[in-house]
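This report concerns only the one structure given below.
Not measured: the values here are computed from a predicted model. Below, read A as the first sequence line, B as the second, and so on, with proteins coming before strands; counting in each chain starts at 1.
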Amino acid sequence: MIDLLPVLVPLPVLLPLLGAGIALILSKHTRMQNLVSVAILVAVMVIATIILFGVDMHGPQVVAIGGWQPPAGIVLVADRLSALMLIVSSLVTLCVLVYALSQDANDDSNETPISVFNPSYLVLCAGIANSFLAGDLFNLYVGFEMFLVASYVLLTLGATAERIRAGVTYVIISLVSSVIFLAAIGIIYAACGTVNMAQLSQRLSELPADVQMILHVMLLLGFGIKAAIFPLSFWLPDSYPTAPAPVTAVFAGLLTKVGIYAIIRTETLLFAESSLRVPLLIAAGLTMLVGILGAIAQSEIKRIVSFTLVSHIGYMLFGVALGTSVGLSAAIYYTVHHIIVQTALFLAIGLVEMRGGSTSTRSLGGLMVLSPVLTIIFFIPALNLSGIPPFSGFIGKVALFLAGFDDQAWLPTVLIVAGTVTSLLTLYVIGRTFNLAFWRDPADVEEPNEDLVEEFADRKKTLLAGKKWQSQIGVPPAMVVATSVVVIASLILTVAAEPLWVMANRAAENLQTPIDYVTNVLGGDD
Amino acid sequence: MSMPFIMVLAMGVLFASGIYLMLERSLTRVLLGFILLGNGVNLLIILTAGRGSPPLTDGKDLSTEGMSDPLPQALILTAIVITFAVTAFLLAMIYRSWRLMRADSLQDDDTDLQVAITKVIDSEAEASTDYDDTEFGDEAESPIVGAVDLDDDGTPEEREEIAEEIEDAETPTEADDIAEAVVESQTQAHSAAEAEAAEAAREETAPDDESGNTEPDDEHGKGDRP
């Protein structure tokens, strides 16, 4: 079993890449292509599960790619944090793929050409897995570029005018972040003579404090743009909402979290001693508040949720910035929770768009009566996001706030207040959205949608007469099932909060002792 | 001047001109800026290798004495390929943008503008007209030419004229009437698209409109008086 583990570690990167190639070859055979893509992601999920349990029992696994031993060669490192992120990301990507494929099967328009979608989606999965497993900075950069380039394609799928407009902003901003990251790698190599993270962990602390500070800030800037931390977050609500629903779901769920993961990694491993605690805490607080205030002003549900996404990145950054073991565990737990909830929410919004013909609260109404199942699917993650007990959002926030109180300083206390306010404002935004889109009569809205109004009146009549009623607009069952699976996964985070919390704790302990990571990668003799 | 110094200087020029070009609204310039910036970073990485002989041995003498560091050269190859691919993609996207919108510049987000216009109309009751404008309006000291004017109260000259007219009025009611008429004509003079957006936003606040109708105009008249 333990001999098998090092073989498994590169597979989450290799399999999707292989699958992308096969999917391209099979681009004429849609059914085969879909089968291959789903099979590959199921396999990745199984492998990620085995890796998580293996790593938890036998410690971090280090694989030297191509047989070149570290620090000269490229290494993949799977520790508890990367394994945990891998398994969550594989679950989310699988559900979104099923959702996207069944949407596409029911969609005659050319907005999502499936022959391009599958290969790019698999490359995206490979890139994300590569970022989680990367053991050296340059490989992390390559992982970033892999999923970014795939995301450019996915975001501009179909190349409609609106998507091109949003895509241009997204691509240019991402390029700037990549250039900053790459320049930071260049300077780090000049200063330390290595890009291996384990070796950097030892050598960076020997640099003069000001050089360390510059490198630290450059890396944080690069990752901060990707993670959408205020004031580097303005691109996100502009570009995400125009993409197809499943694409937005996986971007919102995973791409920003890869940025957060990279920040956790660099903060704990590379810059354990040079701390930017105060600026990070302030940025975290501002991210929370500015994000949620932006959400209040919007009337498009997709845009509202994109703004809450920015806002809730602040919570994770709060946990990371605290730098304590509890803070890191809370940040890890919150990241897992947020990946799943945000994806569920965007998938549910995709269903709303299908059912109601729009995502604007100015034309939606009456969905509560028309589609109770959809209402539940939307309502659970929405409440979860705003942190209503007993959902995982509440548990995550309590953990974060406790970590903040542990610190007994004034700045974390201010952040706890900001966090509480943000949480309440999220509840307000979610409540307003729910009232407008689900609760009220569709005839009362600003821009009434005739189909909805007619259907609503029809439905009311049959309700009063006590007759059976079948909607004319069907939502594909596979899409509902895929969304439900993600929603159920978010509920499992509550039921299984204890094991997950224990795992997050152990991952945080690993992070707190970077020396273990170093000896694991470089061997004991160093 | 030593070679590395010239290289550093070149790198600085590449970075500076790259960033300058990226700040433009024209997409072709942004693309050129990105290419320069990418090459600046590549130069930075190659500089870390240092100068020396090629990292090759004849198979017998395996000493690395005098060789340049081969790792940055490996890194830079990867970086060049990535930059190349992204440049090609960006070029295709700019061409597509040209085909679709006949514009080689970054387009405004309509939804964003609509939210902005809604807020302007919502807050007209409280807003006084002698606030400091941003560069996106036309009242700032150095407004951006060609930017969308978010508040639609005419050009600065027009406003001055109206202010004079109101000042010349005999009674306060007459002044208010002038102000009201001006607001009305301005709303009508709107371009079709903007009027539509404003109308949509107005509808949202429809219940308050009847009662609060005179108030904003009143305020407008007072604010315009110097």
Heavy-atom closest contact ([X] atom, [Y] atom, distance):
{"X": "A/I164", "Y": "B/S97", "result": "CG2-CB, 3.7 Å"}
{"X": "A/A190", "Y": "B/T48", "result": "CB-CG2, 3.3 Å"}
{"X": "A/T156", "Y": "B/M93", "result": "CG2-SD, 3.6 Å"}

From [atom1] ([X]) to [atom2] ([Y]), nearest 0.5 Å:
{"X": "B/I45", "Y": "A/F138", "atom1": "CD1", "atom2": "CZ", "result": "6.0 Å"}
{"X": "B/L37", "Y": "A/L175", "atom1": "CG", "atom2": "CG", "result": "9.5 Å"}
{"X": "B/T83", "Y": "A/E145", "atom1": "OG1", "atom2": "CD", "result": "7.5 Å"}

Partners meeting side chain to side chain donor-acceptor pair (under 3.5 Å) with A/Y189 (sequence neighbours left out): B/D69
Qualifying residues under side chain to side chain donor-acceptor pair (under 3.5 Å), relative to B/T78, sequence neighbours excluded: none
Heavy-atom pair count under 4.5 Å with chain B, highest-scoring of A/R303, A/E300, A/M146: A/R303
Top contributor to chain B interface from A/T242, A/V149, A/V171, A/L148 [non-hydrogen pairs under 4.5 Å]: A/V171
A/R203 atom CZ, neighbour heavy-atom count above 12 within 6.0 Å: yes
Note, A/Y141 side chain near B/L75 side chain (heavy atom, < 4.5 Å): no
Residue pair A/I172 / B/L27, side-chain heavy-atom distance below 4.5 Å: yes
Sorted by number, residues from residues 11-21 of chain B in contact with chain A (heavy atoms, under 4.5 Å): none
Contact class of A/V153 relative to chain B, heavy atoms under 4.5 angstrom: both
Contact origin within A/Y152 toward chain B - heavy atom pairs under 4.5 Å: both
With A/F346 via ring pair (Phe, Tyr, Trp, His ring centres under 6.0 Å) - residues at least two apart: none
Portion of B/I94 that has a non-hydrogen atom of chain A nearer than 4.5 angstrom: neither
Sole candidate of A/I185, A/I180, A/V179 that passes side chain to side chain contact (heavy atoms under 4.5 Å, CB included) when paired with B/V41: A/V179
